[in-house]
Novice: 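My structure is below; once you've seen it, I'll send some questions.
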Amino acid sequence: MPSYAMFTRKTVARDLAFGLVLIVGLLLFVFSVFNYVLFLRDAEAELNGQAKDLADKLAEVLSVPLWNVDRNTVVQISEAYLQSESVVSVQVRNDTGELFFSVLTEEEDVFRQTRPVIFDGQEIGQVEIALSRQNIQRLRRTIFSYTFGTVITITIAVLGITGFLLQRYLNQPLRKIMEGINILGGGNYKHRIDPIPQEDLDAIADQINAMAEQIQERDAYLEQQVTQRTQELAQRNATLATQNAVSATISQSLDLPTILHSSLDQILKLLKVDAGIVYLLDEADPGFIKIFTQRHMSSNLIQHISHLRVGQGISGQAVEQKRPLIMRLANYPHQDLVDVIRQEGFEVLISTPLISKNQALGALSFATKQERHFEEHEINMVAAIGQQIGIAIENAKLFEQEQKRAVELADAKEKAESANEAKSRFLSNMSHELRTPLNAIINFTGFVADGLMGDVNEEQEDALRKALGSGEHLLSLISDVLDLSKIETGMMELFLQQDVDLNAILEATAATAKGLLKNKPVDLVVEIEEGLPRIPADKRRLRQIMLNLISNAVKFTQEGFIAIYAKQINGFIEIKVQDSGVGIAAEDQQLIFESFRQAQNELYEVTGTGLGLPITKFFVEAHGGQMWVESEPGRGSSFFVRLPTAVTEPTI
Amino acid sequence: MNDLCFVYVEDDAQSREVLRFILQRIMRYKHVYLFESSQDFMERVRHLPVKPTMFFLDLRVRPFDGFEMLQLLKNDPEYQQTIVVALTANVMATDVKMMQEAGFNGLISKPIDKNIFPTLINQLLAGESVWYVS
């Protein structure tokens, strides 16, 4: 049965069926209407004719009785006519209009015929007869129902048959094709559409089957490709993994034996080869390679191949040619070794040089008992590992050298340090040993000079003061020498304190300067800016710095002035000690900061070690500060010291 | 104030005499005891007629150095609170830190400056710690 869905879905079958039905229905309809109209016209004409005939005949048969005024006969005849089919009304009147007979009807849809009644050429009355059209109406209805019944029946029949045919010969095959395509579209390319009786549809099915075939073939090809690629990838991954493992070993270890053993084992496992050997250049015997380690080789074989000339055997050749080599035993370059190797059952040999900086440092070789083909990536891997091991050998050597050097350096450093320490201990002892008795001399001289041990006269006191002055001078010289020694051995440290009050130190310095200038025609100027911040400093060294500058100024200035200035400049305190003394020549201005130098100055007798300025400069720089001099011979000198107001790195 | 008692352990005779002179002749303290070495140190301390108020320890004395003597004193409840001052020549910054950590109350570097020493003693007696490096 045709499916109902066939008519609701917009399909070729539906459109065909509906088209066909429309045409057939339309034709039938036109034909029926035509037929119907003709038929009705005939029936009408016939009824009309019948009415005329009856009217004519009635007029004729009533001429005599109407002439004779025979009422009975008129009535009888009229009633007889009234009995005729379809006659519903008869009226008869004479020429005066008197009614002789009258049966009227209420029907309106009638054929009416009126005739004059003629007797002897003279009109003597009039008859009127009316025929009902009811029969025609009935007939029309009958014909109508019949005709349209037929049209509808035929239409439905045509629709049904068409549907059935389309369903069977178009829809079903199409559905089959659709299902086939669906199955193929779902990925089942093995599916084929069964043959279809209709040639044209079958051609489509054939094409689809051919397409599926092609897809299936391509699928199979691709699948094969993928399988192949996957296999290759897996192999390559294994290769890479080995290479990585070897690399990891190499990078994790600087120990050459570990690297070589582990690399050998890993490659043996990956390449599935039967035996392996590592050679290194024989350092004792240049031009030869020597076995380092091997796997799965008989002692007999090892005996023969443990020491090879470069160029001898596959390993020797790999070293010579600096490239990986593969060869069958049949092609082995040295006949004397072939028999020994054959005894082991080896068929194929592969060897790669261990290369670093384009130098072959050894070889890595393998052997298989079965005939086999080495893939390019396998050879590449072996070659790459050969290079990595080459680099590792180089690194290990460097590392060894480096370690040796480090040990030597450590030794040297230790020696230097212990020498330094000895020196420093000696200096420290010297400091103690020299200064302790000197200190006693100074102190006791001071006690006596101060009158603490009985009265002293002026002359005695003067002598004692001179002794005291010399003692103190000697003490400062010793201190200078010790300080410089400490600086040069790197033992000098600052005893830094936060918040050191520079004002107090500057005032003490000014006071000292005043004392020193007591007997000289030199004016002292002191200008210290208000509100100088406290700074991080070693108080004792700061005092030392200032005393040095002041005593230098006093030493070299015989008349004029000495000035001490201090002010704050961008994170620094700048101290300037200016004098109107002899000055320093430009070429000497650097020299004065060097140890044991003192500017050549013949004009004045000067005393001192010449260590004061270098030590002072060191302390300034150890504080993170700067020191320099500006001077002109004959016009005096200005020494500048800048000290940071916050903790900074030393500038030395 | 004349009950105050000072002990100075020092192997250099001249230094001992300088300190004694300052303490007794300039500062007028009566009880000044000088030890030439640290032999039987605690024994001798305990037998002193007056309990010491302040110790001056030279750091390089034998057989016990200054740090060891400090430890001996700290271990004896009797002397735990006594003022202990290190006296040494040639001080380094790191030494000072070590001394502070060891528990010294102060440091006076040698040579002793007779002009400053009395001030430092008074500061120490007042309970301050003094780290004086000349």
Side-chain angles (χ1 to χ4, degrees), chain A residues 424-454 468 471-472 474-476 478-479 481-483 485-487 489-497 500 508 511-512 536-544 547 622-623, chain B residues 8-29 34 36 56-62 65-66 86-100 106-120 128-134:
Chain A
S424 132
R425 208 176 308 124
F426 170 76
L427 286 173
S428 182
N429 286 336
M430 281 297 285
S431 154
H432 189 71
E433 298 304 325
L434 286 171
R435 287 198 290 183
T436 303
L438 191 54
N439 191 43
I441 293 171
I442 292 167
N443 272 310
F444 284 117
T445 312
F447 296 152
V448 177
D450 287 350
L452 292 168
M453 301 180 123
L468 202 54
E472 274 164 358
L474 181 56
L475 193 60
S476 78
I478 291 170
S479 294
V481 174
L482 290 171
D483 280 351
S485 306
K486 277 199 216 163
I487 289 169
T489 53
M491 304 296 286
M492 179 58 85
E493 289 177 81
L494 290 188
F495 180 38
L496 273 187
Q497 283 175 288
V500 172
T512 308
D538 181 333
K539 252 196 247 176
R540 172 184 166 205
R541 300 307 181 187
L542 213 50
R543 265 199 300 269
Q544 203 174 335
L547 276 175
H623 277 85
Chain B
Y8 181 28
V9 188
E10 166 64 81
D11 56 358
D12 178 58
Q14 314 307 329
S15 297
R16 290 200 297 273
E17 288 312 314
V18 171
L19 195 89
R20 183 211 289 278
F21 194 88
I22 295 173
L23 285 170
Q24 286 189 332
R25 298 292 291 275
I26 299 180
M27 299 187 76
R28 304 277 169 197
Y29 288 116
L34 305 171
E36 74 298 334
F56 300 104
L57 305 180
D58 187 284
L59 292 180
R60 298 178 183 218
V61 202
R62 307 254 166 235
D65 70 14
L87 250 71
T88 185
N90 212 24
V91 194
M92 296 206 182
T94 43
D95 298 338
V96 174
K97 215 177 158 206
M98 267 168 63
M99 288 176 223
Q100 287 172 338
L107 157 76
I108 298 172
S109 78
K110 292 197 285 186
I112 286 163
D113 184 339
K114 65 179 165 43
N115 298 319
I116 293 172
F117 193 77
T119 317
L120 300 178
E128 293 174 37
S129 51
V130 168
W131 306 94
Y132 180 80
V133 181
S134 69

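Lettering of chains follows the sequences in order, A, B, ..., and the numbering in each one begins at 1. None of these values were measured; they are calculated from a predicted model.
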Novice: Pick one of side chain, backbone, both or neither for A/Asp450, based on which atoms fall under 4.5 Å of a heavy atom in chain B.
Specialist: side chain
Novice: Heavy-atom distance under 4.5 Å to chain B: side chain of A/Leu475, backbone, both or neither?
Specialist: side chain
Novice: List the atom of B/Arg25, the atom of A/Met453, and the distance in Å for their closest heavy-atom pair.
Specialist: NH2-CA, 4.3 Å
Novice: Distance check, rounded to the nearest 0.5 Å: B/Gln14 atom CD versus A/Leu438 atom CG?
Specialist: 12.0 Å
Novice: Distance check, rounded to the nearest 0.5 Å: B/Asn115 atom CG versus A/Asn443 atom CG?
Specialist: 9.0 Å
Novice: Could you tell me which non-hydrogen atom of A/Ala440 sits nearest to which non-hydrogen atom of B/Val18, and how far apart they are?
Specialist: CA-CG2, 4.1 Å
Novice: Within the structure provided, determine whether A/Phe495 and B/Val96 are in side-chain contact (heavy-atom separation under 4.5 Å).
Specialist: yes
Novice: Taking the six-membered ring for Trp, are B/Phe21 and A/Phe444 parallel (under 30°), tilted (30 to 60°) or perpendicular (over 60°)?
Specialist: perpendicular
Novice: I'd like to check the salt bridge (Lys or Arg N to Asp or Glu O under 4.0 Å) partners of B/Arg20; sequence neighbours left out, ordered by chain and number.
Specialist: B/Glu17
Novice: With A/Glu472, which residues qualify under salt bridge (Lys or Arg N to Asp or Glu O under 4.0 Å), at least two apart?
Specialist: none
Novice: Check whether more than 12 heavy atoms from other residues, nucleotides or ligands sit under 6.0 Å from atom NZ of A/Lys539, and answer yes or no.
Specialist: no
